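Structure first, then comments.
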Amino acid sequence: MKIGIHIKLVVLALLVIMAVPAAAMAANTKLEDKVVVYSTHGESMLELVADAFEEKTGVKVEFINLKGELADRVRAEKANPQSDVMYGAPSSVYQELKKEDLFAPSTPSWAAKINPLFKDKDGYWYGTIQTPVLMFYNSKMMSKADAPKDWWDLADPKYKNKIVSRNALSSSARATYSALLQQFEKKDDLKEGWKFLKAMDANVKRYYGSGSLQFQAVGRKEAPLSFAVLNSVIDNKIKNKLPLEIIDAESGSPVITDGIAVIKGAKHPNAAKAFVEFAGGAKAQAMLANKFNRMPTLPEAIASAPKWMGETKFRVMDVDWGALASKQSEWMQKWDMEIKDSGKDKK
């Protein structure tokens with residue numbers, strides 16, 4: 001009996017001894033000297049993350065800001081990837097590129113802590129920034145009682161000339177118009193969706209080519225109503241002292257998720273996974289929240305972010321961003337060419 005116990009203890013001890021080097025190797029995987037990152041984020045944001053990552057790991061970050069050309073560049077290099085990480089761009093783009101077999105799965109230490117809304121169920125991409133798009137109004141021009149309660153109210157004739165909006169050059173505006181259309185498509189009533197956008201267009205006073213002009217218009221009382229990404233509304237309310245109030249739409253508001261993923265066939269795969277681990281982690285997310293007002297996806301990062309990020313409550317619209325990815329360009333071309341009154345454009 002004692003011999004059996006002794007043997008079991010010896011075997012257990014050997015297993016533990018064998019497991020230690022394996023764990024150590026996993027924790028100390030050798031990183032390549034550099035990592036190449038393609039992104040849509042601004043250079044100041046990228047430099048902040050890149051410098052912090054290099055300081056932590058010693059790995060040099062080479063980043064290229066590709067804005068709207070990001071997805072096409074990754075596609076074009078599929079046979080011979082020149083980048084290791086894709087960082088930025090909305091989740092709809094990631095879902096589309098995942099279908100094209102352009103990403104490699106990864107499992108960062110924080111993966112389980114992220115809401116399923118902000119990640120791929122198979123681990124091919126993760127959301128690092130959540131960007132809600134909310135309606136808002138100038139409280140010096142409009143009361144809460146008179147403000148719309150939902151997006152569909154924007155088609156009501158009583159709001160004629162009381163709305164200013166971004167034009168189709170804005171990715172958040174494109175995503176919002178498309179998300180609204182999808183709500184009608186779900187009911188097999190896309191025709192009514194176009195009617196809604198046409199009626200809303202009739203109420204729009206101006207379309208602006210930049211966010212700063214849009215907020216200036218609301219601030220100088222050109223019109224009381226608009227919609228924009230939440231952090232821009234808060235920025236203008238706090239920094240520019242504009243009397244803005246957000247609207248928690250009854251049917252929810254679209255939430256755009258900026259993601260990160262390892263490129264399949266990356267030449268620096270270990271450094272790529274390490275960059276995803278770092279850039280999507282709580283420390284980096286909180287850093288961007290405090291310096292650039294970007295809302296984190298990790299609850300732990302929100303706890304260390306500006307107070308308004310934890311306090312602002314809003315309902316989330318049910319949007320199938322994957323399904324929307326293949327239709328958005330076509331829908332927005334129609335909106336721009338056939339629905340929107342181009343005479344209201346102001347650059």
Side-chain angles (χ1 to χ4, degrees), residues 27-71 73-74 77 81-91 93-94 103-104 106-111 113-114 118-119 125-131 171 229 231-232 234-235 238-239 256-263 266-309:
N28 297 295
T29 301
K30 183 171 175 58
L31 304 181
E32 297 84 4
D33 293 336
K34 71 173 183 178
V35 61
V36 181
V37 179
Y38 284 177
S39 183
T40 57
H41 294 315
E43 289 200 4
S44 54
M45 276 180 58
L46 289 171
E47 284 175 359
L48 183 68
V49 176
D51 290 348
F53 177 71
E54 186 170 350
E55 183 179 345
K56 180 178 175 64
T57 65
V59 176
K60 181 176 177 55
V61 180
E62 295 181 5
F63 61 79
I64 302 175
N65 186 333
L66 291 165
K67 296 189 182 296
E69 300 173 7
L70 176 59
R73 180 75 167 266
V74 172
E77 296 175 355
Q82 299 302 301
S83 64
D84 304 304
V85 175
M86 180 165 145
Y87 184 33
S91 59
V93 175
Y94 284 83
F103 299 139
S106 62
T107 309
S109 62
W110 40 260
K113 299 177 182 178
I114 288 190
F118 304 128
K119 64 182 179 181
W125 60 266
Y126 298 91
T128 60
I129 298 172
Q130 57 169 312
T131 309
S171 58
V229 295
N231 63 287
S232 292
I234 299 297
D235 267 347
I238 295 175
K239 295 179 182 178
I256 303 165
T257 304
D258 281 291
I260 192 167
V262 175
I263 301 294
K267 291 181 171 59
H268 311 99
N270 295 333
K273 289 179 181 178
F275 185 84
V276 169
E277 170 74 31
F278 179 81
K283 182 179 178 181
Q285 285 198 22
M287 189 165 59
L288 295 185
N290 286 291
K291 291 187 178 292
F292 294 96
N293 230 14
R294 299 297 193 271
M295 186 179 287
T297 54
L298 275 171
E300 183 184 348
I302 289 179
S304 305
K307 196 175 179 181
W308 69 265
M309 295 187 185

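Just so you know, these numbers come straight off a predicted model, no measurement behind them.
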**Q.** Steps toward side chain to side chain donor-acceptor pair (under 3.5 Å) verdict (Glu62, Tyr38)
**A.** CA-CA 9 Å; Glu62 295 181 5; Tyr38 284 177; over 6 Å; no
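Looking only at side-chain heavy atoms (C-beta outward), Ile263 and Ser83 come within less than 4.5 Å of each other. In this structure, Ile260 and Val85 have side chains that are in contact, with non-hydrogen atoms separated by less than 4.5 Å.
Annotation for Gln82: atom CD counts as buried by contact number, over 12 foreign heavy atoms lying within 6.0 Å. Around CD of Glu47, the count of heavy atoms belonging to other residues, nucleotides or ligands within 6.0 Å exceeds 12.
Aromatic ring orientation, Trp125 versus Tyr94: tilted (interplanar angle from 30° to 60°).
Aromatic ring centroids of Tyr87 and Phe275 lie under 6.0 Å apart.
Here side chain to side chain donor-acceptor pair (under 3.5 Å) pairs that include residues 275-298, with residues two or more places apart or in two chains, are Ser109-Glu277, Asp235-Asn293, Gln285-Thr297, Asn293-Trp308.
Scored by the salt bridge (charged side-chain N to carboxylate O under 4.0 Å, His left out) test, Glu300 finds Lys113 as partners (sequence neighbours excluded).
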Exercise answer: donor-acceptor pairs, residues 51-59 side-chain atoms, under 3.5 Å, sequence neighbours excluded:
residue: Thr57; atom: OG1; partner: Phe53; partner atom: O; Å: 2.8
residue: Thr57; atom: OG1; partner: Val59; partner atom: N; Å: 3.1

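Formation of a donor-acceptor pair under 3.5 Å by the Asp84 side chain with backbone atoms of Ala272 is not found in this model. Without hydrogens or angle criteria, Asp258 side chain to Ser91 main chain gives no donor-acceptor distance under 3.5 Å.
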